[in-house]
2 protein chains.
Amino acid sequence: MTRPTEHEVLAAVLQIRCGALQVLAWQRARPPDSGRWALPGGLLGDDEDVERSVRRQLAEKVDVREVTHVEQIAVFSRPDRVPGTRRIATAFLGLVPSDADPAVPADTAWHPLAAPPATALEKAAFDHAAIVDDARDRLRAKLSYTNLGFALAPREFTISALRDLYAAALGHPVSATNLQRVLTRRRVLEPTGAMAPPGPAGGRPAALFRFTERTLRVTDAFAVLRPPGEGARTAVP
Amino acid sequence: MTRPTEHEVLAAVLQIRCGALQVLAWQRARPPDSGRWALPGGLLGDDEDVERSVRRQLAEKVDVREVTHVEQIAVFSRPDRVPGTRRIATAFLGLVPSDADPAVPADTAWHPLAAPPATALEKAAFDHAAIVDDARDRLRAKLSYTNLGFALAPREFTISALRDLYAAALGHPVSATNLQRVLTRRRVLEPTGAMAPPGPAGGRPAALFRFTERTLRVTDAFAVLRPPGEGARTAVP
DNA sequence: GCAAAAGTGTTCATTGTACACCCATGA
DNA sequence: TCATGGGTGTACAATGAACACTTTTGC
């Protein structure tokens, strides 16, 4: 009755590299859209759900242990989104910490998501550019009201390193002073006790911090409309 | 290579009825899961994407013009989620204003989402109970930081009527005083100028309000991490 | 000593909550 | 006049932004 349909999973794997938000993509060697960049992914297997599938497919590109967060973004289902057999895609956001440098296949590389003239994205295959846009928007939103930063940052880091990560991901400057205060007040960060040596130009040595948790948690319960009797925002003793 | 797979769309259509959050569902007459409640939906057509499909399928159950908001929730793809041919579902949240009473087929009815002992949901077919839970959670979250209330409320309403809607949707008491102040401060509500007559028990006549917009808008940009120079939360002159 | 980088203290505007109090209507 | 529901005013705590100032290092 309905024509044959395939189901694929696609992942926009993001990482902060060289101070810029970058996405992992491979260059298509064969038509359609040959020469363009495409997101890693592939057909859903018979015995797996989409979450399992995307992790399996990613394992072929990067060491899975490097992927600190995976999250469903949306379904892309326009009938003409790829030529040939109809193919429905479930898109995911994946995150890799900035200190990881996983080995990738020869056709695969990181590409900056330059903000206004998305040069790399102009060459994206099919609707993959839209998927990357959605993934980036999701990351930006969740950085603000969850502890998702843990997925972008190394295990231990200085506040200014973290500030650079946030600034690169959000696309605007971030104040180290306020970032530190806000994240510690929310109990998202904690000091490790250790210090990082100053750089060649001198300066006071920086304290090292870590994320208190490494699983996603909403830290800024949304503003209005909480049950009565909870005082202000986060009921913290 | 991969076994045949179908793709369906399913909608958790929610409405506040009789002061309770209810979901539209129909009773299955045939196996599998015969007798249980199922969400409206059906197979994706060849020439439509999932958004179009869910609106088309809903049109068979309720007047589409009554559905004020439709939004993708997630993909449900466990290989064994339905018996027989593999079927992947894209789940949606749909909202109907509380003053609408659309005609529905004989096998279809509204079912309260009683909070702790989800009696109606115990009888849900397949994984539809989980879909309803996700849809409800999404609604609750978005009520707090967007103007999504417009999709649940009539065109015009009193503040106490709106308070009842929010309380039913959120599952906890809401103060009419603060609800009014917060929503007007965010420019989400505006007075129509008209008044509602008092009830039989007397009391001061209530002012009527409306939502300033009837399309989804984020009204509470998340707390921290905005670009510098924007003052506090919502930069309003 | 001086520049550079890190961190703390303080002030301020805005927000949401809580609660007291005033208004308008029907009986 | 009184109960009932509607609406406003005010005080308070928490939050994030901004910015001045202090601390600690290399040269």
Side-chain angles (χ1 to χ4, degrees), chain A residues 143-145 157-164 166-167 170 172-209 219-237, chain B residues 143-145 157-164 166 170 172-189 191-209 219-237:
Chain A
L143 273 184
S144 292
Y145 68 93
F157 45 83
T158 65
I159 293 295
S160 44
L162 189 67
R163 184 237 346 219
D164 294 342
Y166 273 70
L170 294 171
H172 64 73
V174 173
S175 147
T177 297
N178 293 330
L179 185 68
Q180 194 234 33
R181 195 163 1 220
V182 167
L183 293 185
T184 52
R185 194 144 63 180
R186 291 182 180 176
R187 310 278 172 94
V188 171
L189 294 187
E190 64 188 7
T192 68
M195 306 287 272
R204 176 170 165 175
L208 288 174
F209 287 78
T219 56
D220 183 29
F222 305 119
V224 75
L225 313 175
R226 254 186 323 292
E230 311 239 319
R233 298 176 85 90
T234 41
V236 170
Chain B
L143 274 184
S144 291
Y145 68 93
F157 45 83
T158 65
I159 294 294
S160 44
L162 188 68
R163 184 237 345 215
D164 293 343
Y166 273 70
L170 294 171
H172 65 72
V174 173
S175 147
T177 296
N178 294 329
L179 185 68
Q180 195 235 33
R181 197 170 352 229
V182 167
L183 293 186
T184 53
R185 195 144 61 181
R186 291 181 180 176
R187 311 275 173 99
V188 171
L189 293 187
T192 68
M195 306 287 272
R204 176 171 166 177
L208 288 175
F209 287 77
T219 56
D220 184 30
F222 305 119
V224 75
L225 313 175
R226 255 187 323 294
E230 311 240 319
R233 300 177 85 88
T234 40
V236 170

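In what follows, chains carry the letters A, B, and so on, assigned in the order in which the sequence lines appear, proteins first and then strands, with residues in each chain numbered from 1. Note that this is a predicted model, so its numbers are computed, not measured.
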Report each atom pair, protein N/O against N/O of nucleotides 24-26 of chain D, whose distance is under 3.5 angstrom.
unit_1 : atom_1 : unit_2   : atom_2 : d
D:dT24 : O2     : A:Arg204 : N      : 3.1
D:dT25 : O2     : A:Gly203 : N      : 2.9
D:dG26 : O3'    : A:Pro200 : O      : 3.2

Query raised in the report: What does B:Ala176 touch in the nucleic acid at a heavy-atom separation under 4.0 angstrom: a base, only the sugar-phosphate, or nothing?
Result: nothing
Query raised in the report: Any donor-acceptor pair under 3.5 Å joining the side chain of B:Arg181 to the base of C:dG16?
Result: no
Requested in this report: State, to 0.1 Å, how close B:Gln180 and B:Ile159 come at their nearest heavy-atom pair, and which atoms those are.
Outcome: CG-CD1, 3.4 Å
Report summary line: Rounded to whole Å, NE2 of A:His172 lies from P of D:dG16 at a distance of 14 Å
**Report entry** Exercise: identify the closest heavy-atom pair between B:Thr158 and B:Ala206
**Finding:** CG2-CB, 3.6 Å
Query - 5′-ward residue of the pair A:Ser175/B:Ala206 relative to DNA chain D - result: B:Ala206
Report task. Apply side chain to side chain contact (heavy atoms under 4.5 Å, CB included) to the pair B:Leu162 and B:Val174, showing each step before the final yes or no. Result -> CA-CA 10 Å; B:Leu162 188 68; B:Val174 173; over 6 Å; no
Requested in this report: Whole angstrom is fine here: how far is it from CD1 in A:Ile159 over to C1' in C:dA5?
Outcome: 14 Å
Query raised in the report: Separation of B:Asp164 atom CG from D:dG5 atom P, in whole Å?
Result: 12 Å
Query raised in the report: Between D:dG6 and B:Gln180, is there an OP1 or OP2 to side-chain N/O distance shorter than 4.0 Å?
Result: no
Report summary line: When rounded to whole Å, the CG to P distance for the pair B:Asn178 and C:dA20 reads 14 Å
Query - Rounded distance in Å - CZ (B:Arg187) to P (C:dT14) - result: 13 Å
Report task. Side chain of B:Ser160 only, please: which of D:dT8, D:dG6, D:dT15 is the nearest? Result -> D:dG6
Report task. Would you please confirm or rule out a distance under 4.0 Å between OP1 or OP2 of D:dG16 and any side-chain N or O of A:Arg185? Result -> yes
Query raised in the report: Which atom pair, heavy atoms only, marks the closest approach of A:Thr192 to A:Phe209?
Result: CG2-C, 3.7 Å
Report summary line: Applying the Watson-Crick and G-U criteria (both distances under 3.5 angstrom) with [ ] for crossing and | for other-strand pairs, one obtains for DNA chain D |||||||||||||||||||||||||||
